[in-house]
Q: 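One structure coming up, written as C-alpha coordinates, with questions to follow.
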Amino acid sequence: MVTQQELETENQTLRSQIESMKTAAEEQMANMASLYIAVNSLHAALDRTSVLASVQDVVTTLIGSEEMAIFETDPEQRRLKLLASQGIEPGHYQEICLGDGLIGKAAKTGEAVIRPDGASAEAVGDEAITACIPMKIGQRVLGVIAVFRLLPHKGGLNSVDLDLLDLLSTHAAVALLFTRLYGEMDHPIGVPL
Amino acid sequence: MTRKKILLADDSATALTMERTLLSRSDYDVVVARDGREAIKQAVDENPDLIILDVVMPNMDGFEACRELRKLEPTRDIPVIMVTTRGEGHHVENGFEVGCNDYVTKPINGPELLSKVRNLIGE
(Lines give C-alpha, C1' and ligand atoms only; values in the text may rest on other atoms or scores of the structure.)
Protein backbone atom coordinates (compact mmCIF):
# COMPACT_ATOMS: atom_id res chain seq x y z
CA MET A 1 0.00 0.00 0.00
CA VAL A 2 1.43 3.34 -1.07
CA THR A 3 1.16 6.04 1.54
CA GLN A 4 0.16 9.66 0.98
CA GLN A 5 3.67 10.69 1.95
CA GLU A 6 5.21 8.40 -0.69
CA LEU A 7 2.84 9.75 -3.36
CA GLU A 8 3.75 13.31 -2.54
CA THR A 9 7.45 12.48 -2.71
CA GLU A 10 6.99 10.78 -6.08
CA ASN A 11 4.98 13.75 -7.38
CA GLN A 12 7.71 16.09 -6.25
CA THR A 13 10.32 13.99 -8.04
CA LEU A 14 8.24 13.93 -11.24
CA ARG A 15 7.66 17.68 -11.12
CA SER A 16 11.37 18.22 -10.71
CA GLN A 17 12.12 15.91 -13.66
CA ILE A 18 9.59 17.73 -15.86
CA GLU A 19 11.14 21.08 -14.91
CA SER A 20 14.60 19.80 -15.84
CA MET A 21 13.34 18.47 -19.17
CA LYS A 22 11.62 21.78 -19.87
CA THR A 23 14.82 23.72 -19.15
CA ALA A 24 16.82 21.36 -21.36
CA ALA A 25 14.29 21.79 -24.18
CA GLU A 26 14.44 25.58 -23.83
CA GLU A 27 18.20 25.48 -23.89
CA GLN A 28 18.10 23.36 -27.03
CA MET A 29 15.65 25.81 -28.61
CA ALA A 30 17.90 28.75 -27.72
CA ASN A 31 20.94 26.99 -29.17
CA MET A 32 19.17 26.20 -32.43
CA ALA A 33 17.81 29.75 -32.57
CA SER A 34 21.36 31.14 -32.17
CA LEU A 35 22.61 29.20 -35.18
CA TYR A 36 19.59 30.03 -37.31
CA ILE A 37 19.71 33.73 -36.43
CA ALA A 38 23.44 33.97 -37.15
CA VAL A 39 23.05 32.48 -40.64
CA ASN A 40 20.00 34.59 -41.37
CA SER A 41 21.69 37.77 -40.22
CA LEU A 42 24.81 37.19 -42.35
CA HIS A 43 22.87 36.52 -45.53
CA ALA A 44 20.33 39.31 -45.14
CA ALA A 45 22.66 42.03 -46.42
CA LEU A 46 23.70 43.15 -49.90
CA ASP A 47 26.58 45.42 -48.91
CA ARG A 48 29.87 44.72 -47.21
CA THR A 49 29.39 47.20 -44.36
CA SER A 50 26.17 45.49 -43.30
CA VAL A 51 27.76 42.03 -43.42
CA LEU A 52 30.68 43.20 -41.28
CA ALA A 53 28.22 44.78 -38.83
CA SER A 54 26.30 41.50 -38.71
CA VAL A 55 29.46 39.52 -37.90
CA GLN A 56 30.24 41.96 -35.07
CA ASP A 57 26.66 41.79 -33.80
CA VAL A 58 26.70 37.97 -33.82
CA VAL A 59 30.03 37.83 -31.97
CA THR A 60 28.89 40.35 -29.34
CA THR A 61 25.33 39.15 -28.87
CA LEU A 62 25.59 35.40 -29.31
CA ILE A 63 29.19 34.56 -28.41
CA GLY A 64 29.91 37.30 -25.88
CA SER A 65 32.91 39.40 -26.89
CA GLU A 66 33.14 43.12 -27.58
CA GLU A 67 36.70 42.84 -28.86
CA MET A 68 37.18 41.57 -32.39
CA ALA A 69 38.75 42.21 -35.77
CA ILE A 70 37.82 41.07 -39.26
CA PHE A 71 40.51 40.74 -41.92
CA GLU A 72 40.50 40.11 -45.66
CA THR A 73 43.21 38.28 -47.56
CA ASP A 74 44.75 40.24 -50.43
CA PRO A 75 44.42 38.81 -53.97
CA GLU A 76 48.03 37.57 -53.93
CA GLN A 77 47.36 35.70 -50.68
CA ARG A 78 50.32 37.36 -48.96
CA ARG A 79 48.76 39.70 -46.43
CA LEU A 80 45.68 40.26 -44.36
CA LYS A 81 44.10 43.70 -44.41
CA LEU A 82 41.92 44.91 -41.53
CA LEU A 83 38.32 45.44 -42.66
CA ALA A 84 36.63 46.23 -39.35
CA SER A 85 37.34 46.11 -35.66
CA GLN A 86 35.72 46.75 -32.32
CA GLY A 87 37.13 47.20 -28.83
CA ILE A 88 40.81 46.84 -29.85
CA GLU A 89 43.51 49.26 -30.97
CA PRO A 90 43.20 48.95 -34.79
CA GLY A 91 46.59 50.56 -35.45
CA HIS A 92 48.35 47.36 -34.42
CA TYR A 93 46.39 45.24 -36.87
CA GLN A 94 46.16 47.20 -40.14
CA GLU A 95 48.19 44.63 -42.10
CA ILE A 96 49.41 41.18 -41.12
CA CYS A 97 51.63 38.94 -43.24
CA LEU A 98 50.29 35.42 -43.76
CA GLY A 99 51.94 33.15 -41.23
CA ASP A 100 52.68 35.95 -38.73
CA GLY A 101 51.25 35.44 -35.24
CA LEU A 102 48.06 33.53 -34.51
CA ILE A 103 45.98 35.58 -36.96
CA GLY A 104 48.44 35.19 -39.83
CA LYS A 105 48.87 31.51 -39.01
CA ALA A 106 45.11 30.89 -39.17
CA ALA A 107 45.04 32.59 -42.60
CA LYS A 108 48.00 30.61 -43.91
CA THR A 109 46.98 27.18 -42.67
CA GLY A 110 43.20 27.58 -42.93
CA GLU A 111 42.93 26.05 -39.47
CA ALA A 112 41.04 27.74 -36.64
CA VAL A 113 42.93 28.59 -33.46
CA ILE A 114 40.67 28.36 -30.41
CA ARG A 115 41.24 28.82 -26.68
CA PRO A 116 38.09 27.32 -25.17
CA ASP A 117 38.78 28.92 -21.76
CA GLY A 118 39.06 32.37 -23.33
CA ALA A 119 41.95 34.83 -23.09
CA SER A 120 42.69 36.21 -19.64
CA ALA A 121 41.68 39.77 -18.77
CA GLU A 122 45.30 40.93 -18.42
CA ALA A 123 46.52 39.30 -21.65
CA VAL A 124 47.95 41.43 -24.47
CA GLY A 125 48.91 40.78 -28.10
CA ASP A 126 48.36 37.23 -29.34
CA GLU A 127 47.72 36.11 -25.77
CA ALA A 128 44.54 38.24 -25.77
CA ILE A 129 43.09 36.22 -28.64
CA THR A 130 40.34 33.72 -27.80
CA ALA A 131 39.72 32.52 -31.36
CA CYS A 132 41.05 33.03 -34.88
CA ILE A 133 38.60 31.74 -37.43
CA PRO A 134 39.62 31.57 -41.08
CA MET A 135 36.78 32.57 -43.41
CA LYS A 136 36.90 29.83 -46.01
CA ILE A 137 35.10 28.71 -49.11
CA GLY A 138 36.39 25.25 -49.93
CA GLN A 139 40.11 25.42 -49.23
CA ARG A 140 40.45 29.09 -50.16
CA VAL A 141 40.89 31.45 -47.21
CA LEU A 142 39.20 34.80 -47.84
CA GLY A 143 40.03 36.31 -44.47
CA VAL A 144 40.08 35.82 -40.71
CA ILE A 145 37.79 36.72 -37.82
CA ALA A 146 39.78 37.28 -34.64
CA VAL A 147 37.85 37.23 -31.36
CA PHE A 148 39.86 38.71 -28.50
CA ARG A 149 38.82 38.73 -24.82
CA LEU A 150 35.37 37.50 -23.89
CA LEU A 151 33.01 39.56 -21.73
CA PRO A 152 34.11 39.39 -18.06
CA HIS A 153 31.17 37.25 -16.93
CA LYS A 154 31.57 34.79 -19.82
CA GLY A 155 33.75 32.02 -18.48
CA GLY A 156 34.77 30.44 -21.77
CA LEU A 157 33.47 29.08 -25.05
CA ASN A 158 30.76 26.42 -24.86
CA SER A 159 29.75 23.93 -27.52
CA VAL A 160 27.26 26.29 -29.16
CA ASP A 161 29.91 29.02 -29.34
CA LEU A 162 32.17 26.57 -31.15
CA ASP A 163 29.31 25.74 -33.54
CA LEU A 164 28.75 29.46 -34.12
CA LEU A 165 32.45 30.04 -34.85
CA ASP A 166 32.42 27.11 -37.26
CA LEU A 167 29.34 28.54 -38.93
CA LEU A 168 30.94 31.99 -39.19
CA SER A 169 33.93 30.43 -40.92
CA THR A 170 31.89 29.48 -43.97
CA HIS A 171 28.86 31.77 -43.92
CA ALA A 172 30.73 35.02 -43.29
CA ALA A 173 33.04 34.12 -46.18
CA VAL A 174 30.12 33.42 -48.52
CA ALA A 175 28.30 36.58 -47.43
CA LEU A 176 31.38 38.77 -48.00
CA LEU A 177 32.12 37.18 -51.36
CA PHE A 178 28.51 37.72 -52.38
CA THR A 179 28.69 41.46 -51.58
CA ARG A 180 31.81 41.74 -53.72
CA LEU A 181 30.20 39.95 -56.66
CA TYR A 182 26.98 41.88 -56.20
CA GLY A 183 28.92 45.15 -56.32
CA GLU A 184 30.47 44.07 -59.62
CA MET A 185 27.14 43.21 -61.25
CA ASP A 186 26.03 45.48 -64.08
CA HIS A 187 22.40 45.06 -63.13
CA PRO A 188 21.97 44.54 -59.40
CA ILE A 189 18.87 42.84 -58.12
CA GLY A 190 15.88 45.17 -58.23
CA VAL A 191 17.19 47.12 -61.21
CA PRO A 192 15.41 46.23 -64.51
CA LEU A 193 17.66 44.32 -66.94
CA MET B 1 -6.66 32.97 -22.45
CA THR B 2 -5.12 36.30 -23.46
CA ARG B 3 -1.46 36.09 -24.34
CA LYS B 4 0.87 38.33 -22.37
CA LYS B 5 2.55 41.10 -24.35
CA ILE B 6 6.25 41.93 -24.05
CA LEU B 7 8.03 45.01 -25.39
CA LEU B 8 11.62 44.37 -26.50
CA ALA B 9 13.94 47.37 -26.90
CA ASP B 10 17.37 46.78 -28.42
CA ASP B 11 19.37 48.30 -31.28
CA SER B 12 20.98 44.94 -32.09
CA ALA B 13 19.09 43.10 -34.81
CA THR B 14 20.61 39.82 -33.64
CA ALA B 15 19.53 40.34 -30.01
CA LEU B 16 16.03 41.39 -31.03
CA THR B 17 15.60 38.35 -33.27
CA MET B 18 16.96 36.03 -30.59
CA GLU B 19 14.71 37.37 -27.84
CA ARG B 20 11.67 37.56 -30.11
CA THR B 21 12.19 33.94 -31.21
CA LEU B 22 12.48 32.67 -27.63
CA LEU B 23 9.50 34.64 -26.34
CA SER B 24 7.11 34.10 -29.23
CA ARG B 25 7.86 30.33 -29.11
CA SER B 26 6.86 30.46 -25.46
CA ASP B 27 3.46 31.95 -26.32
CA TYR B 28 4.14 35.61 -25.59
CA ASP B 29 3.18 38.39 -27.99
CA VAL B 30 6.12 40.63 -28.80
CA VAL B 31 6.46 44.24 -29.93
CA VAL B 32 9.83 45.84 -30.60
CA ALA B 33 11.61 49.19 -30.35
CA ARG B 34 15.08 50.14 -31.63
CA ASP B 35 16.05 52.77 -29.07
CA GLY B 36 15.05 54.21 -25.71
CA ARG B 37 12.75 56.92 -27.04
CA GLU B 38 10.86 54.49 -29.25
CA ALA B 39 10.62 52.12 -26.27
CA ILE B 40 8.85 54.76 -24.19
CA LYS B 41 6.42 55.56 -27.00
CA GLN B 42 5.71 51.87 -27.61
CA ALA B 43 5.25 51.27 -23.87
CA VAL B 44 2.61 54.00 -23.68
CA ASP B 45 0.88 52.96 -26.93
CA GLU B 46 0.99 49.19 -26.47
CA ASN B 47 0.66 48.87 -22.68
CA PRO B 48 2.81 45.70 -22.50
CA ASP B 49 2.86 43.35 -19.51
CA LEU B 50 6.67 43.46 -19.41
CA ILE B 51 9.48 45.50 -20.95
CA ILE B 52 12.92 44.08 -21.77
CA LEU B 53 15.36 46.98 -22.18
CA ASP B 54 18.90 46.82 -23.50
CA VAL B 55 21.26 49.18 -21.65
CA VAL B 56 23.26 50.42 -24.66
CA MET B 57 20.96 51.98 -27.25
CA PRO B 58 21.10 55.10 -29.45
CA ASN B 59 19.12 58.29 -28.69
CA MET B 60 18.31 57.25 -25.14
CA ASP B 61 20.01 54.43 -23.24
CA GLY B 62 18.21 51.77 -21.22
CA PHE B 63 18.90 53.37 -17.83
CA GLU B 64 17.43 56.71 -18.94
CA ALA B 65 14.49 55.00 -20.62
CA CYS B 66 13.75 53.01 -17.46
CA ARG B 67 13.90 56.18 -15.36
CA GLU B 68 11.40 57.84 -17.74
CA LEU B 69 9.11 54.82 -17.71
CA ARG B 70 8.97 55.00 -13.93
CA LYS B 71 7.90 58.67 -14.08
CA LEU B 72 5.02 58.14 -16.50
CA GLU B 73 1.64 57.16 -15.06
CA PRO B 74 0.73 54.56 -17.73
CA THR B 75 4.08 52.76 -17.52
CA ARG B 76 5.33 53.19 -13.95
CA ASP B 77 4.14 49.76 -12.77
CA ILE B 78 5.19 47.72 -15.81
CA PRO B 79 7.98 45.31 -14.81
CA VAL B 80 11.30 45.93 -16.54
CA ILE B 81 14.17 43.50 -17.21
CA MET B 82 17.43 45.20 -18.20
CA VAL B 83 19.79 43.48 -20.66
CA THR B 84 23.45 44.31 -20.31
CA THR B 85 26.77 43.06 -21.66
CA ARG B 86 28.25 43.87 -18.24
CA GLY B 87 27.46 41.71 -15.25
CA GLU B 88 29.60 43.69 -12.80
CA GLY B 89 28.02 44.93 -9.59
CA HIS B 90 27.85 48.64 -10.40
CA HIS B 91 26.10 48.07 -13.74
CA VAL B 92 23.50 45.92 -12.02
CA GLU B 93 23.12 48.44 -9.18
CA ASN B 94 22.55 51.23 -11.73
CA GLY B 95 19.73 49.20 -13.21
CA PHE B 96 18.01 48.66 -9.89
CA GLU B 97 18.50 52.33 -8.95
CA VAL B 98 16.57 53.48 -12.02
CA GLY B 99 13.76 51.05 -11.22
CA CYS B 100 14.31 47.82 -13.12
CA ASN B 101 12.95 44.63 -11.57
CA ASP B 102 15.59 42.22 -12.82
CA TYR B 103 18.43 41.95 -15.30
CA VAL B 104 20.06 39.44 -17.66
CA THR B 105 23.48 39.57 -19.30
CA LYS B 106 24.46 39.10 -22.93
CA PRO B 107 24.95 36.65 -24.48
CA ILE B 108 21.34 35.83 -23.73
CA ASN B 109 20.80 32.57 -21.88
CA GLY B 110 17.41 31.35 -23.14
CA PRO B 111 16.21 29.41 -20.07
CA GLU B 112 17.39 32.17 -17.73
CA LEU B 113 15.52 34.87 -19.68
CA LEU B 114 12.34 32.79 -19.86
CA SER B 115 12.54 31.96 -16.16
CA LYS B 116 12.85 35.65 -15.22
CA VAL B 117 10.00 36.58 -17.55
CA ARG B 118 7.77 33.92 -15.96
CA ASN B 119 8.73 35.07 -12.48
CA LEU B 120 7.52 38.57 -13.29
CA ILE B 121 4.42 37.98 -15.43
CA GLY B 122 3.71 34.25 -15.37
CA GLU B 123 3.23 31.90 -18.31
Side-chain angles (χ1 to χ4, degrees), chain A residues 19-45 50-68 86-87 118 121 147 149-158 160-161 163-165 167-168 171-172, chain B residues 6 8-28 30 32 34-35 52-58 61-62 81-95 102-119 122-123:
Chain A
E19 204 52 46
S20 299
M21 288 164 72
K22 193 174 168 186
T23 303
E26 284 173 353
E27 199 167 334
Q28 190 75 6
M29 178 177 75
N31 292 346
M32 295 302 289
S34 290
L35 300 174
Y36 164 77
I37 288 161
V39 172
N40 211 30
S41 158
L42 289 170
H43 295 297
S50 300
V51 170
L52 294 173
S54 289
V55 173
Q56 291 179 321
D57 202 13
V58 165
V59 171
T60 301
T61 307
L62 301 180
I63 295 174
S65 172
E66 291 182 314
E67 298 179 5
M68 79 199 77
Q86 176 184 321
V147 178
R149 285 173 294 207
L150 300 173
L151 290 167
H153 58 273
K154 171 104 183 180
L157 298 171
N158 58 36
V160 183
D161 296 328
D163 287 343
L164 276 166
L165 291 170
L167 177 152
L168 281 176
H171 287 272
Chain B
I6 298 174
L8 296 175
D10 202 314
D11 63 322
S12 156
T14 306
L16 273 183
T17 312
M18 181 71 181
E19 291 160 1
R20 185 166 47 194
T21 303
L22 292 171
L23 295 166
S24 57
R25 294 269 169 182
S26 299
D27 291 332
Y28 295 105
V30 174
V32 299
R34 295 283 187 163
D35 61 47
I52 299 179
L53 272 181
D54 186 35
V55 169
V56 181
M57 289 189 289
D61 70 26
I81 295 176
M82 302 286 286
V83 181
T84 173
T85 51
R86 303 284 164 181
E88 293 104 323
H90 63 282
H91 287 274
V92 175
E93 283 165 22
N94 282 348
D102 210 339
Y103 78 96
V104 292
T105 52
K106 286 184 181 177
I108 299 288
N109 176 311
E112 182 192 18
L113 176 68
L114 291 170
S115 163
K116 292 191 172 187
V117 167
R118 286 187 196 112
N119 280 344
E123 299 274 348

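The model shown is predicted, which means the values in this text are computed figures rather than measured ones.
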Q: Is any side-chain heavy atom of B:T85 closer than 4.5 Å to one of A:E66?
A: yes
Q: Looking only at non-hydrogen atoms, find the nearest pair between A:A30 and B:G110 and report the distance.
A: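 Closest approach of A:A30 to B:G110, heavy atoms only: CB-CA, 3.9 Å.
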Q: Give, as side chain, backbone, both or neither, the part of B:S115 having an atom under 4.5 angstrom from any heavy atom of chain A.
A: neither
Q: Is a salt bridge present between B:R118 and A:E19, judged by a nitrogen-to-oxygen distance below 4.0 Å?
A: no
Q: Count the heavy-atom pairs under 4.5 Å between each of B:T21, B:L113, B:T17, B:V83 and chain A, then report the option with the highest count.
A: B:T17
Q: Please assess A:M29 against B:L22 for the test side-chain contact (heavy atoms from CB on, under 4.5 Å), listing each intermediate value before the final yes or no.
A: CA-CA 8 Å; A:M29 178 177 75; B:L22 292 171; 3.8 Å; yes
Q: Do you know which two heavy atoms are closest between B:P107 and A:L151, and how far apart they sit?
A: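 What the structure gives for the nearest pair is CD-CD1, 4.3 Å.
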Q: Could you tell me the separation between the CD atom of B:E112 and the OG1 atom of A:T23, rounded to the nearest 0.5 Å?
A: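 Rounded to the nearest 0.5 Å, the CD-OG1 separation comes out at 12.0 Å.
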Q: How far does CG of B:D11 sit from CG of A:D57, to the nearest 0.5 angstrom?
A: 8.0 Å
Q: Of A:T60, A:V58, A:T61, which meets side-chain contact (heavy atoms from CB on, under 4.5 Å) against B:S12?
A: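 Only one option passes, and that is A:T61.
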Q: How many angstroms lie between CD1 in A:I37 and CD in B:E19, if you round to the nearest 0.5 Å?
A: 9.5 Å
Q: Side chain, backbone, both or neither: which part of B:L114 has a non-hydrogen atom closer than 4.5 Å to chain A?
A: side chain
Q: Less than 4.5 Å to any heavy atom of chain B: does that hold for the side chain of A:S34, its backbone, both, or neither?
A: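 Interface part for A:S34: both.
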Q: Do you know the tightest heavy-atom contact between B:P111 and A:E26?
A: CA-OE1, 3.8 Å
